[in-house]
Amino acid sequence: MSKSGEMNEPSFYERVYDVVRRVPPGWVVTYGQVAACLGAPRSSRAVGYALRALAAGNDVPWHRVVNHRGQISLRYPTESPMLQRLLLEDEGVRFDTQSRIDLTTYRWHPEEAGT
DNA sequence: GAGATGACGGGCT
DNA sequence: AAGCCCGCCATCT
């Protein structure tokens with residue numbers, strides 16, 4: 001990404017970011033939810049790919065996105081997963097003894113939020 | 001243009 | 001309940 005096309009295309013990335021930005025503090029969504037919200041319920045992996053490309057200093061609450069098991073999928077930098085957990089706990093999200101989030105309680109439903 | 005990658009999801013064992 | 005495998009999709013090399 002160094003040629004033309006990194007800031008002029010409303011790519012999937014932007015849409016993903018836009019959805020994630022709507023997630024209120026203290027709530028979480030799964031990659032699949034974000035994908036479904038974009039009209040591509042099968043693009044969950046692509047969503048993760050988009051978030052991976054996020055640069056530091058952005059206004060996207062990426063930490064509110066977890067996998068369908070309610071766990072943090074990050075395994076990259078050793079600190080990122082811990083950071084995500086700290087950010088969520090700071091917002092009131094509780095983790096069980098298995099470092100897992102109860103999606104039945106914290107899962108945010110965009111359709112209920114209205115658009 | 002083709003092959004490989006990845007912050008996933010669902011189903012089966 | 002937890003783990004393993006396969007399939008999807010957008011992007012990268």
Side-chain angles (χ1 to χ4, degrees):
Chain A
M1 37 174 120
S2 25
K3 295 177 62 179
S4 56
E6 58 178 74
M7 65 149 193
N8 59 337
E9 290 181 29
S11 62
F12 222 75
Y13 287 7
E14 296 250 345
R15 297 189 182 180
V16 171
Y17 304 152
D18 186 59
V19 173
V20 177
R21 263 187 282 248
R22 289 194 226 154
V23 184
W27 293 85
V28 299
V29 291
T30 64
Y31 297 89
Q33 274 184 269
V34 178
C37 199
L38 297 178
R42 300 303 188 229
S43 305
S44 50
R45 294 188 77 170
V47 173
Y49 200 91
L51 293 181
R52 178 193 181 287
L54 270 177
N58 57 75
D59 61 327
V60 182
W62 55 271
H63 58 277
R64 290 171 198 153
V65 185
V66 297
N67 62 26
H68 72 124
R69 292 159 71 174
Q71 295 181 295
I72 295 174
S73 291
L74 286 180
R75 32 145 139 159
Y76 221 94
T78 312
E79 294 188 274
S80 291
M82 181 164 58
L83 172 62
Q84 179 168 10
R85 175 166 180 165
L86 289 177
L87 289 172
L88 288 174
E89 291 185 316
D90 187 58
E91 297 182 347
V93 177
R94 294 221 220 162
F95 288 73
D96 59 18
T97 54
Q98 298 174 66
S99 300
R100 202 158 49 176
I101 300 173
D102 182 2
L103 290 179
T104 63
T105 300
Y106 296 103
R107 180 192 274 185
W108 179 64
H109 302 270
E111 57 276 10
E112 292 180 4
T115 11

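No hydrogens, no waters, no symmetry mates; every other heavy atom, side chains included, goes into these values. To find a chain, count down the sequence lines: A is the first, B the second, and so on, and within it residues start at 1.
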Shorter than 3.5 Å, N or O on both sides, protein versus nucleotides 11-13 of chain B: list them out with atom names.
none

Can you pull every protein N or O that's under 3.5 Å from an N or O on nucleotides 3-6 of chain B?
| residue | atom | partner | partner atom | Å |
| --- | --- | --- | --- | --- |
| B:dG6 | N9 | A:R45 | NH2 | 3.4 |
| B:dG6 | N7 | A:R45 | NH2 | 2.8 |

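Listed here is the closest heavy atom pair of A:W62 and A:S80: CH2-O, 4.2 Å. Summarising the geometry of A:V93 relative to A:Y106, their closest heavy-atom pair is CA-CE2, 3.8 Å, with the distance given to 0.1 Å. Across every non-hydrogen atom of A:Y17 and A:V60, the tightest pair is CB-CG2, 3.8 Å.
Atom-to-atom, OH of A:Y31 to P of C:dA10 comes out at 18 Å; the value is rounded to the nearest Å. Between the P atom of B:dA7 and the CG atom of A:L88 lies a distance of 18 Å, rounded to the nearest Å. Going from atom CZ of A:R15 over to atom P of C:dA10 covers 11 Å, rounded to whole Å. Rounding to whole angstrom units, CH2 of residue A:W62 and P of B:dC8 are separated by 13 Å. The nearest whole Å value for the distance from the CZ atom in A:R69 to the P atom in C:dA1 is 12 Å. In this entry the distance linking CZ of A:R100 with C1' of C:dG3 reads 12 Å, nearest Å. Distance, A:L103 CG to C:dA1 P: 14 Å, rounded to whole Å. Atom CG of A:D96 and atom P of C:dA1 are 12 Å apart (whole Å).
Where A:Q98 and A:S43 each meet DNA chain C at their nearest nucleotide, the meeting point lying more 5' is that of A:Q98. When each of A:R42 and A:H63 is assigned the nucleotide of DNA chain B with its nearest heavy atom, A:H63 is the one assigned upstream, toward the 5' end.
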Review point. Under the side chain to side chain contact (heavy atoms under 4.5 Å, CB included) criterion, do A:V16 and A:L38 qualify, and how do the steps go?
Key: CA-CA 7 Å; A:V16 171; A:L38 297 178; 3.5 Å; yes
Check your understanding: Step by step, would you call A:V28 with A:W108 a side chain to side chain contact (heavy atoms under 4.5 Å, CB included)?
Key -> CA-CA 6 Å; A:V28 299; A:W108 179 64; over 6 Å; no
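Within the 3.5 Å criterion, the main-chain N or O of A:L54 finds no donor-acceptor partner in the side chain of A:Y13.
For A:R21, the side chain to side chain donor-acceptor pair (under 3.5 Å) test picks out A:D59, with sequence neighbours left out.
Across A:V29, A:L87, A:L88, a single residue satisfies side chain to side chain contact (heavy atoms under 4.5 Å, CB included) together with A:R64, and that is A:L88.
Listed candidates were B:dA7, B:dC8, C:dC9. Nearest to the side chain of A:L51 is B:dA7.
Here A:L103 contributes atom CG and A:Q33 contributes atom CD; the two are 8.0 Å apart, rounded to the nearest 0.5 Å.
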